[in-house]
2 protein chains.
Amino acid sequence: MSDTFIINPSFYKLDATLKKLRNHWQQAFDKQQKDITVDQWLVMENLYKHTRTTHKQLAHYTDKDITTISRILDLLVKKGLVMRQASSDDRRKVYLELTPAGVDKYTDVRPLVLELRRIGWHGLSEKDFEDLTRILDVIAHNLP
Amino acid sequence: MSDTFIINPSFYKLDATLKKLRNHWQQAFDKQQKDITVDQWLVMENLYKHTRTTHKQLAHYTDKDITTISRILDLLVKKGLVMRQASSDDRRKVYLELTPAGVDKYTDVRPLVLELRRIGWHGLSEKDFEDLTRILDVIAHNLP
DNA sequence: ATGAAATAGTTGCTATAACAACTATTTACT
DNA sequence: AGTAAATAGTTGTTATAGCAACTATTTCAT
């Protein structure tokens with residue numbers, strides 16, 4: 001990689017694209033009155049996929065800080081979409097579960113999310129997807 | 001783009017990589033006691049490049065919300081790195097300028113930033129850089 | 001010339017992000 | 001057994017992000 005590219009900002013474009021993507025998703029959520037944020041959706045998606053999950057595991061799945069997970073869950077619990085259940089085998093642990101209302105919310109929002117992904121990838125090939133994945137992996141791997 | 005890829009989360013990996021990148025930069029800044037955040041650095045870099053800039057222009061350069069710019073500048077002004085100057089031709093406008101201390105900070109931090117970019121791009125080719133740029137542009141262009 | 005609309009910037013509010021400090025509990029060591 | 005270390009989770013604080021509402025000023029329309 002020559003210095004020409006070192007001169008260019010490296011995370012600026014990533015940041016700008018991600019913000020645009022996130023805002024587009026959020027506006028679509030808001031327009032359809034889903035009453036949920038993009039990150040709350042990401043958390044719920046993982047709770048749907050992984051049952052009997054702890055805060056720590058969820059933080060790993062979503063690549064979020066455990067403190068951030070704790071606060072997002074506060075909001076989801078307040079909305080009645082998620083339940084916290086104290087573990088009996090290890091009393092430090094708290095298991096997380098979507099409530100019936102949470103499952104309803106998931107099935108309600110899911111089609112919109114698939115459509116948004118379709119829009120985001122429009123005009124890109126599978127090779128592009130693989131390249132993007134690989135490049136991001138290399139960047140992440142370059143960091144300790 | 002087949003449905004296989006639609007199933008995969010689209011912004012999750014972008015978000016995860018960006019967070020890792022940003023944290024690595026921040027930790028490097030902190031370790032060398034640069035006493036500045038990554039986004040504050042991005043703002044200063046643009047103020048160095050573009051003289052007599054307004055808040056609005058700076059928001060455009062950095063792809064940040066003007067309210068975010070307003071608050072980042074509050075911090076930079078408090079640190080004595082940036083000066084706000086009321087415009088005489090249009091009294092709504094405020095011109096921004098690095099103070100001498102701000103220029104010193106810029107020249108102090110700049111080499112570290114170049115090194116961090118070098119690390120981030122390690123193992124990637126110029127073609128990778130071009131592909132990444134193109135793919136991100138297509139994604140951004142897919143959104144209204 | 002005057003009122004409406006547009007523009008530049010700030011402030012209030014809520015959400016996400018990261019670090020540090022904290023509580024409670026469990027595991028490991030001797 | 002008893003203490004130290006590790007682990008799960010919460011809370012406090014600061015920064016960034018975005019929206020809405022606001023002030024002050026300028027431009028536009030008639």
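Here is the naming used below: chain letters follow the sequence lines, and residue numbers restart at 1 for every chain. Heavy-atom basis, side chains included; hydrogens, waters and symmetry copies ignored.
Summarising the geometry, the separation between CD1 on B/Ile69 and C1' on D/dT16 is reported as 11 Å, rounded to the nearest angstrom. Straight-line distance from the CG atom of B/Leu58 to the P atom of D/dA17: 12 Å, rounded to whole Å. Rounded to whole angstrom, the span from the CD1 atom of B/Ile66 across to the P atom of D/dA20 amounts to 16 Å. To the nearest angstrom, P of C/dT16 lies 18 Å from CG of B/Asp39. For A/Gln57 and D/dT7, the CD to P distance is 15 Å, given to the nearest whole Å. Remark: C1' of C/dA8 and OH of B/Tyr95 are 11 Å apart, rounded to the nearest angstrom. Straight-line distance from the NZ atom of B/Lys56 to the P atom of D/dT25: 19 Å, rounded to whole Å. Look at OH on B/Tyr12: it is 16 Å from C1' on C/dT16, rounded to the nearest Å.
Inter-residue side-chain proximity for A/Met83 and A/Val94 is flagged as unmet; no heavy-atom pair is nearer than 4.5 Å. With a 4.5 Å cut-off on side-chain heavy atoms, B/Leu14 and A/Leu136 count as touching. You'll find the side chain of A/Leu47 reaches within 4.5 Å of the side chain of A/Val82, heavy atoms only. Taking 4.5 Å as the limit, some side-chain heavy atom of A/Asp128 sits within range of a side-chain heavy atom of B/Arg134.
Within the structure, every side-chain polar atom (N or O) of B/His55 is placed at least 4.0 Å from both OP1 and OP2 of C/dA8. In this model, the phosphate group of D/dA17 is not approached by any side-chain N or O of A/Gln26 to a distance below 4.0 Å at OP1 or OP2. For A/Thr54 and D/dA8, the shortest distance from a side-chain N or O to OP1 or OP2 is not below 4.0 Å. Listed pair B/Thr68 / D/dT16 fails the phosphate criterion, with no side-chain N or O lying under 4.0 Å from OP1 or OP2. Proximity of B/Thr37 to the phosphate of D/dT16: a side-chain N or O atom is located under 4.0 Å from OP1 or OP2. Between A/Lys19 and D/dA17 there is a side-chain polar atom (N or O) within less than 4.0 angstrom of OP1 or OP2.
For the pair A/Asp15 and A/Val94, both in contact range of DNA chain D, the more 5′-proximal nearest nucleotide belongs to A/Val94.
Here B/Glu45 pairs with B/Arg110 in a salt bridge; the nearest charged N to carboxylate O distance falls below 4.0 Å. Between A/Lys105 and A/Asp108 there is no salt bridge, since none of the side-chain N atoms of the basic residue sits less than 4.0 Å from a carboxylate O of the acidic one. Between B/Asp74 and B/Lys78 there is no salt bridge, since none of the side-chain N atoms of the basic residue sits less than 4.0 Å from a carboxylate O of the acidic one. At a threshold of 4.0 Å, the pair B/Asp30-B/Lys34 does not count as salt-bridged, since none of the basic side-chain nitrogens sits closer than that to a carboxylate oxygen. Taking a cutoff of 4.0 Å between a charged side-chain nitrogen and a carboxylate oxygen, B/Asp39 and B/Arg22 qualify as a salt bridge. A salt bridge does not link B/Asp63 to A/Lys13: none of the charged side-chain nitrogens sits closer than 4.0 Å to a carboxylate oxygen.
Of the residues in residues 72-93 of chain B, B/Arg84, B/Arg92, B/Lys93 come within less than 4.0 Å of DNA chain C through at least one heavy atom, sorted by number.
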Output one line per pair: protein atom, nucleotide atom from nucleotides 19-21 of chain C, and distance, for all N/O pairs under 3.5 Å.
| residue | atom | partner | partner atom | Å |
| --- | --- | --- | --- | --- |
| C/dC19 | OP1 | B/Gln27 | NE2 | 3.0 |
| C/dC19 | N4 | A/Thr67 | OG1 | 3.4 |

